[in-house]
Amino acid sequence: MKHDFSHLPDIFARHQQRPEALIMILQDIQKEYRYLPCEALQETAKALNVPLSKVFSVATFYNAFSLNPKGKNVVRICVGTACHIRGAALIRDQIENALSIKAGQTTPDMEFSIEVVACVGACAMAPVVIVNEQYHGSVKPSNAKRLVKGGK
Amino acid sequence: MAITSSKQLMEMHKECKTNFEKYPKKVIVCCGTGCIANGARKIVEAFQAALAERKIKDFTIEAVKETGCHGFCEQGPLVVIEPHGTFYTHVKPKDVASIVDKSIAGTEVIEPLLYTNPVTGDKVERYQDVSFFTHQHRIALRNLGKIAAHDIRDYIAVGGYQGLAKVLTSMTPDRIIDLIAESGLRGRGGGGFPAGKKWRTCRNVESDVRYVICNGDEGDPGAFMDRSIMEGDPHSVLEGMMIAAFAVGAKNGYIYVREEYPLAVIHLQKAIEDCEKHGLLGDNILGTDFSFRIRINRGAGAFVCGESSALMRSVAGEVGEPRAKYIHSVVKGLYDKPTVLNNVETYANVPIIVMNGAEWFKSIGVKNNSGTKVFSLVGKVRNTGLIEVAMGTTLREIIYDIGGGMLDGRPFKAVQTGGPSGGCLPASQLDLPVDFDSLTAVGSMMGSGGMIVMDDKTCMVDVARYFLNFLVSESCGKCVPCREGLYQLHELTVKVCNGEATEADLEKMEKLSDIVITASLCGLGKSGPNPLMSTIKYFRDEYLTHIREKRCPAAVCKKLITYTVIEEKCTGCMACITACAYNAITGERKKPHYISQEKCEKCGACVAVCKPDAILVE
């Protein structure tokens, strides 16, 4: 995949190229490209003057980072305890079926990615599914599909 | 305008207070994550539109406050009309015009929007009379749902930063630490370590640099207390941190916030900028020698970073692996310097303790457990949400008085406290007072305050499996007992859930749990087997039913249950046939349908659409 990496110097400058800002820099890069492209990691290592292995170790340790491109729409299924006992697993089945991919994967047309998160802190409305930034509470197995099929 | 003395702060307080109380009526629109998800922003917009259209005496859009979470998210969006306290639930944008006409311009109450008591079925008119709120004692949540979360002027109006002014002008650092120690404030993040003791140790270490960190990495699934405080009352957290910084002698502070909490980051960032603008953060705060700065670090989705030493490594931009704590992080913490780390709720308690005194705080709660605790009461209760009660309140009071009892009238089975480090307590423990020591004594723990209520449709083996699965993926992998031990425990619970385990496996689980608890490096592993141990302890029969009878009494474990059609009840509507993604259901209109056991994936889609309740799961 080809990317325009001209934003990277701005991102490094925003954090004064401080090595301790590595996580924040990777967060900004991921926000820009929706994942961490290999070239961006190499540039980060150079700009912060740290070994690429260190950048890679941080990028792979934290769940929020992805080394694979994500879909245009990210569907996040909360599987926190409250959601779990109110049937999050069934919701997950329905959404995985609807998109014919498993959690952690992206549809071949790059439209949708499914992620599971271990609690988004909206437990009172469990079970919760977040499509892009939109929170959906009290999701039922019968209407879960609509969240990903009905337009966005 | 910068505030350069405590006198100026008091003047600003007066001015803000006058402004805050300017309008005889105020409209509170809850804008916590929960209510926003339910459409609270649209309600605010509807108020703007309605008030642009018609003028009302002594009322403008300024009197519509976007506040933090009321805690009653399930009923959202919530609108409260002060000072009467008229409490409207599930408000829709189309309701706003009539609220303006009837309840703001007039004094009429709109009956259909009122909250219905789920037990009695009565409508409740006022906020303060809703049973969910009447049994609470709000200290850490004192400003939530009262002040506009993003407005420093509102915080100052209700007495904000006066605690800071008090310590800077009239107290020595030692005196502050004594006060916090006397108050008996214990860390609200889970461990319950005395905050005063922590601060004193930090202060007494020889060092040129010290740090103050706020742990907002609320990782326990099923808990959202800290999120609500950071979103709804960020200044109380900042003020608490400033007081701690002055007491221990720190110049820099960090707030580590979970990446799943975007709104909390926005509000904290705004609060920090406002403080900088007003001279409450930066150099020479309130004209004294005290200088302090706060920076926000967003987490990147690693549960283990809630552990102090891992969090500190993460703040430094490293991989969040904990270290063995022969030397505590309060002595050698961030960048190897003495560091005070407390959680959000702990800091939120500090300013009010400074203002009201140690004796006041001690008068709330029980011996050795002063004050209150915030819980997120969720799961199968009628009223779910965020609550704050005095320490020592019993589980029964919380679940039945505040929570309104069990959802759908199903029987109570267990309550899970303490997240993945805690345990499940059965009905026989319902009269247990909730405090740090009582919970630990029965094999659970306070944790950060998640309280998940379970009914007879919850399988306790599945709950243990759920937590172990969570911990296996969140274990950082540094030490073997946690990495491998939890993995094996998880495999064993899967065996039980699949009906493939033997009674010897149960013993193996108990033995292995002991090893993991004893030999793991950090709290994640040391407490990881708690959910398993507590369920084996209190629900051993349920394990044995899975093992001996190959049956899941709660009808949860997929390998042990079947879906069948109850022919007498089936109306032949074909809804389930359409709903089934696996083509497992066949049948004709108006004739009983049939579920193929070979094809059925037990996803539950058919049960969800079956109106006559004709599908039996057992």
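Taking every heavy atom of both residues into account, B:V378 and A:A124 meet most closely at CG1-N, 4.0 Å. Across A:F61 and B:V319, no two heavy atoms sit closer than the pair CD1-CG1, 3.3 Å. Taking all atoms of both residues into account, the shortest heavy-atom contact from B:E318 to A:Y62 is O-OH, 2.7 Å. Considering all non-hydrogen atoms of both residues, B:S314 and A:I23 come closest at O-CD1, 3.3 Å. Nearest heavy-atom pair, A:C123 versus B:A223, reported as atom, atom and distance to 0.1 Å: SG-N, 3.8 Å. B:A605 and A:Q94 make their closest contact through CB-NE2, 3.2 Å (heavy atoms, listed as atom of the first residue, atom of the second, distance).
Proximity of A:H84 to B:T458: side-chain heavy atoms (C-beta onward) are nowhere separated by under 4.5 Å.
Of the atoms belonging to B:Y261, it is side-chain heavy atoms, and not backbone ones, that fall under 4.5 Å from chain A. Looking at B:R295, only its side chain comes within 4.5 Å of chain A, counting heavy atoms on both sides. Heavy-atom distances place no part of B:V556 under 4.5 Å from chain A, backbone and side chain included. Contacts between B:K602 and chain A at a heavy-atom distance below 4.5 Å involve the backbone alone (N, CA, C, O). With a 4.5 Å cut-off on non-hydrogen atoms, B:L407 touches chain A through its side chain but not through its backbone. Only the backbone of B:V453 comes within contact range of chain A, with heavy atoms under 4.5 Å apart. Only the backbone of B:I296 has a heavy atom closer than 4.5 Å to any heavy atom of chain A. Using a 4.5 Å cut-off between heavy atoms, B:R298 touches chain A through backbone and side chain atoms alike. Neither the backbone nor the side chain of B:C69 comes within less than 4.5 Å of any heavy atom of chain A. Neither the backbone nor the side chain of B:F72 comes within contact range of chain A, judged by heavy atoms closer than 4.5 Å.
Top candidate by heavy-atom pairs under 4.5 Å with chain A, chosen from B:G604, B:G320, B:G34, is B:G320.
Once rounded to the nearest 0.5 Å, the distance linking CD1 of B:I36 with CD of A:E133 reads 12.0 Å.
Using a 4.0 Å cut-off between charged side-chain N and carboxylate O, B:E259 and A:K31 make no salt bridge.
No side-chain donor-acceptor contact under 3.5 Å links A:Y135 and B:N38. Between the side chains of B:E601 and A:N97, not a single donor N or O lies within less than 3.5 Å of an accepting N or O.
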- Message: Show, in sequence, the C-alpha distance, side-chain angles and deciding distance for B:I452 and A:R86, and conclude whether the side chain to side chain contact (heavy atoms under 4.5 Å, CB included) test is met.
- Response: CA-CA 11 Å; B:I452 296 122; A:R86 284 197 177 187; over 6 Å; no
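Taking 4.5 Å as the heavy-atom cut-off, the residues of residues 50-60 of chain A that approach chain B are A:K54, A:S57, A:V58, ordered by number.
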